[in-house]
Amino acid sequence: MSDRLSFLYPEISLFIGTCVVMVLGLSRTLKMRKASALVAGLAIIVAGYFAIASTPRSGDALCPISGACYAKGVSAAAGQMLLPDMPLFAKTLIAIVSLLLLLPCAGTVDRADESAIARGTRSFDPLRSNRAEFYAFFLFSITGLMLCASADDLVWLFLALELTSLPTYIMVAISTSRNRGREAAVKYFFLGALGAAIFLYGFALIYGGTGSTNFNVIASVIRDQGLNTITLAGLLLAILGVGFKIAAVPMHFYTPDVYEGAAPQVSGFLAFVPKTAGFISILLLAAIAGWAYAPGQSGLGGLFNPAAVTPLRQSADASQLPELLRIMLWVMAALTMTVGNVLAILQTSVKRMLAYSSIAHSGYMLVGVIVGPGDGRFSHNGIAAVLFYLLCYGVMNAGAFAVLAALERRPGKDGEPREIETIADLKGLCATHPQLGWSMVICSLSLLGLPPLLGFFGKLPLFTAGISANEIPLVIILGLNSAIGAYYYLRLAFTPMLEKPDAGAEPIEFAPFFSRRVGAMLSAGGVIILAIFGSPLINEATKAANVPVATPADASADPTDPNQAAKALTPAPRISQR
Amino acid sequence: MTQWLLILAILLPLASSLGVALAPARLTKSVAVLGTLAALGVTLVAAYVFGWENPAVMQLGMEEPIRWIPSLGLELQVGVDSIALMLVLLTALLGPICVISSFSAIKEREKTYYAWLLVLQAAVTGVFCARDVIFFYICFEFTLIPMFVLISLWGSTNRKKAALKFFLYTFTGSVIALAGLVYVAWFNTHKGNGQAFWTFNIDTLAATARGMPLRDQTWVMFALLAGFAVKVPLFPVHTWLPLAHTEAPTAGSVVLAGVLLKLGTYALLRFVLPFVPDAVVTFAPLIAATCVVGILYGGLICWVQTDVKKLVAYSSIAHLGFCVLGMFALNNAGIAGSVLYMINHGLSTGALFLLIGMVYERYHTRSMKELGGLAAKMPVWSTFMVFFTMASIGLPGLNGFVSEFLCVMGTFQSSTAWGSGIWHSFGHQVGTTRGELGPWFAIIAGTGMIIAAMYLLYMLGKIVWGPLKVPGGHDSHGHDSHGGSDHGALPTDLNLREIGVLVPLAVLCIALGVYPKPLVDVIREPADQIVKLANQSRARIGVVPAPKQAQAPASDRAPGAEHLPGAEHLESLDADMSPAATPEVPQ
């Protein structure tokens, strides 16, 4: 039992942190209240430590959760996870990036209250303080995200996804005191519920088609009996619904409004956390079907003939998703990046532009999902590319939003400092606030994918993987979109650097929270450092993308017996890294 | 020690850029000059220790490549052959010239200016030194940022549009080129020599790419052209160039014309020709046709310009048309001419931009309508102007002539079909080289040389000779009185600093014009290799019927196959041509 728990140590430590934060945030003394952010950070660090130290890898004889097992050989009873090595990398990257996202969150919800208390105009009122909730929801959402990474069951995945997103609705609502934030939250909530309904429906269909909610069992049923129509429809719906989390076209409509309505640090959070949850889920759902079909197999005709869509794992050519799934993801990827980039060009608001850019980046990553594990080497491995890109995107995106969070304009009529709205507000930032200005330049050039910054090394594996899977048209679209992206990222990079502030423009100032500046600079530093010394992380991403291949013995397994069917799974031989 | 020379040549400008950013403002210029001079010194030492007896061998590399991201096959390695080394030398030479020539022109945000200028030099040097596709690409792309900043901060009125257009054009193209290069790298692991790991080593990839079927080669070639033809720029994708050149500050134009355009031609030479010779041989007439169109089109547009700087900018399109035309003649004369053209164009056009910048600093106009007869007022300037214009036109005795002549001659010789028939009937041996272009290309391109003479002499006639005309009737001193004190330091004619900047270029123009043999000699061997590859392709795909004994057996398709029996005979003929082509010029 304790073995199984060790798998969940990161989540458990986050949960303990959440409880402590809830209490601390309501303390009467300022010091104790301030400690709540510190505790949140500590909880994330501890979770990160446990993610590295106690997450098992394939080959460890641990049976952590709900029967899924990191079996040594085939002896373990219940088979193993579909992506057995992903949790380690995913949880580590989540811990790293969420630390970067936490730093700019200082003073998000209770700034006015705290200053009123400091002035002595009011005494502390626990009922009016949101600080505890904000940090608690932050940690809850991260907990859900980490749970997503270790999901091996549809129900688990659904609950984890909801645990990730529900707190974000509230975070959007309380992040600003303006009505815009509330409007954004309501919009986000309703559309999020729609998305959840769609993928839940998909989950139900998958269950209906295969008779199980366990990923291993579903996968083995598909492997043995073929992909029947209901299961395929379920997979399509599930991925479409999860597309809401990653803001993929056609589920992207909420993104600009919500990002604009929320405080920038929360928008940064939204651009990473639900997106990561979505990509992990999409990878898991795609792994259920498996990248084991020949090109063209299970096209429309396959809808009505399950036998035609049996995975052909033994064939060397069979390394695609089922055709319908591939087509859907292909179209989603192409549309998502194009729509995101083209609409981003038209924006004048920084946050809306970054929102559309976040849509575009989802499109890039979908290329990796389509490619799948390839032959396991990093350069052919779309899954590794996605996981590494998530890290890259998380860091550079956190930096861009942290810069926005660290700046503000003079208070408006309602006495509250206003945030940076348009790109024109950033004019001359490199001269007036060099640290933040240069952080913005570095992060946006990296988002553009300009070598030698981190974004380029994130995009390069997507290129190599796409080409090695012969998805050349998609790679060309990806390349052209990078070029379209140049148009608006250049504006974002060079407005702070080259332009002079307009005469009579209102000055921008530091928001009075040092940690926001630290967050921006750390992210910008990370963009450079990881680009130079990123090789170990790339190796880890490659290991994380290991997809076990079923042995030929599977054919004899009885599909009706889940346990027996799952037995036949063996871990794939790890491809050695130079 | 020698293994660090190229690294130093890249890092010194970078370090001095950092120095410029950190040093107090009064030291800015000194640090920049010192940095570029140090880089020039290092490059000269590199040229001294370079083994000129093996000019085609990549030299001066590190003993062990730096393994950057092994799982992607990313390794950093530097190295130059004679062609790359010459371009590195050109870059290093233009470095101090650009810095020194900017002293009076750049008055605001000096630190930023010099820092980015130095970064640009480092990136360009990196491109020429790269032995690894990704390192090449990183440097290739990174040249965009400093150039963007230089244009959009210190350019003229329309600078923002120019900078953006420049960036987007080049970036879009090079992303597609990257896709092509990655495709080759994938082919290398997938179907090539069975290597388990990716590599981006240029030589390995070149060997693999040559083994690709024609269809793949064609795709790769067009992907690469998408990136590099924009940079050159070739005819249909040239539209960013006039704008960027015209709007850029003087030193920016010098770097742009001097070395940045050479990135494109160098990349064509380093990637397109050795990677996909089959496709190149197949499509050479098409590419040559765009070059010829570019030559005529660029020339005709020059003719109607009134802005001197724009005129020189458009002339670059025509000139680089010659350069690429010679390259795609795919024989020794053509390629040697093409490489020389890269150097010569950098020297003479760079100098022309400097001269125009000097006039602009004094009169704040570049319009031929407002300027005239400057010979009377600025005799030294006019002397240099006439000199470099002549070099640009291709006056025999100056550098432009040698390269232009070699390019056109290479094009002329590059034929077998009816061209050879005609010339055989006159008893000439001209047609014995194999090739795809032939006399028609050369004749039409030759018209471009006449047009070049017309528009450049027309320009000279307008602004150097004729009645004196300066803006607003002011002479330069009168101008100073109302123009503020910032230009007060400039005398009517050139000062010593400006002369000092121009003299090295002038000396090189004469030297390369009178005695280009050393350069032609060291280019021959690398050019030979490319011609050899082209000849193999010609025999293989049968675009040009090979001589009987040169029928390549199927096994020769392997990338390693070196000599075709008939090829040597032809090559020796080629080789005989090029020294003969070296003009023995009086003076």
Side-chain angles (χ1 to χ4, degrees), chain A residues 375 377-381 384-385 388 430-431 441 445 448-453 456-457 459-470 472 475-476 478-487 490-491 493-494 497-500 531-542 575-578, chain B residues 67-74 76 108-109 112 116 123 126 134-142 144-145 148-154 159-160 163-164 167-187 189-190 196-200 216 219 223 226-227:
Chain A
D375 62 1
R377 279 178 279 159
F378 180 65
S379 42
H380 294 216
N381 194 329
F388 187 63
C430 284
V441 171
L445 287 181
L448 154 59
L450 195 86
L453 296 171
F456 173 69
F457 293 103
K459 226 172 254 174
L460 188 60
L462 289 174
F463 262 72
T464 59
I467 284 180
S468 56
N470 221 11
I472 290 167
V475 171
I476 299 285
L478 172 60
L480 289 178
N481 268 292
S482 309
I484 301 175
Y487 191 85
L490 275 185
R491 246 193 310 160
F494 287 125
M497 188 156 90
L498 305 181
E499 307 258 340
K500 288 202 173 110
I532 301 173
F533 303 108
S535 193
L537 281 169
I538 285 179
N539 289 341
E540 286 307 314
T542 319
I575 286 107
S576 63
Q577 286 298 314
R578 182 157 62 164
Chain B
R67 298 196 193 294
W68 191 358
I69 302 180
S71 44
L72 264 180
L74 253 63
L76 294 192
E108 52 176 29
R109 302 177 86 166
T112 327
W116 282 114
I134 296 298
F135 182 44
F136 167 88
Y137 184 78
I138 287 173
C139 296
F140 192 81
E141 289 286 63
F142 203 72
L144 297 181
I145 296 284
F148 186 97
V149 177
L150 288 181
I151 297 178
S152 57
L153 272 189
W154 293 276
R159 55 181 185 258
K160 293 226 171 93
L164 198 61
F167 193 105
L168 290 179
Y169 252 85
T170 340
F171 189 77
T172 312
S174 49
V175 170
I176 297 174
L178 178 67
L181 289 169
V182 170
Y183 180 80
V184 175
W186 168 75
F187 196 90
T189 29
H190 189 64
F197 289 97
W198 280 56
T199 173
F200 282 101
D216 291 25
W219 281 113

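Below, read A as the first sequence line, B as the second, and so on, with proteins coming before strands; counting in each chain starts at 1.
For Leu498(A), the parts lying under 4.5 angstrom from a heavy atom of chain B are both the backbone and the side chain. Heavy atoms closer than 4.5 Å to chain B are found in the backbone of Ala531(A), but not in its side chain. With a 4.5 angstrom heavy-atom cutoff, Trp154(B) does not touch chain A via any of its atoms. Residue contact with chain B, scored on non-hydrogen atoms closer than 4.5 Å, involves the backbone and the side chain of Phe463(A) alike. In this structure, no portion of Leu478(A) lies under 4.5 Å from any heavy atom of chain B.
Interface remark: of the candidates Val475(A), Leu450(A), Leu445(A), Leu450(A) forms the most heavy-atom pairs closer than 4.5 Å to chain B. When each of Ile134(B), Leu168(B), Thr172(B), Leu74(B) is scored by its heavy-atom pairs under 4.5 Å with chain A, the top score falls to Leu168(B). Ranked by non-hydrogen atom pairs under 4.5 Å with chain B, the options Ala483(A), Ser468(A), Ala486(A), Gly479(A) are led by Ser468(A).
Using bins of under 30°, 30° to 60° and over 60° for the plane-to-plane angle, the ring pair Tyr183(B)/Phe187(B) lands in the tilted bin. Aromatic ring pairs are classed by plane angle as parallel below 30°, tilted from 30° to 60° and perpendicular above 60°; the pair Phe456(A) and Tyr137(B) is parallel.
For the pair Leu453(A)/Leu448(A), no side-chain contact is recorded, criterion being any heavy-atom separation below 4.5 Å from C-beta on.
No close placement of the Trp68(B) and Phe200(B) rings is indicated, their centers lying 6.0 Å or farther apart.
The shortest heavy-atom contact between Phe378(A) and Ala385(A) is CE1-N, 4.4 Å.
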Determine, step by step, whether Cys430(A) and Val441(A) satisfy the side chain to side chain contact (heavy atoms under 4.5 Å, CB included) criterion, reporting the C-alpha distance in whole Å, the side-chain angles of both residues, the deciding distance to 0.1 Å, and the verdict. CA-CA 9 Å; Cys430(A) 284; Val441(A) 171; 3.8 Å; yes
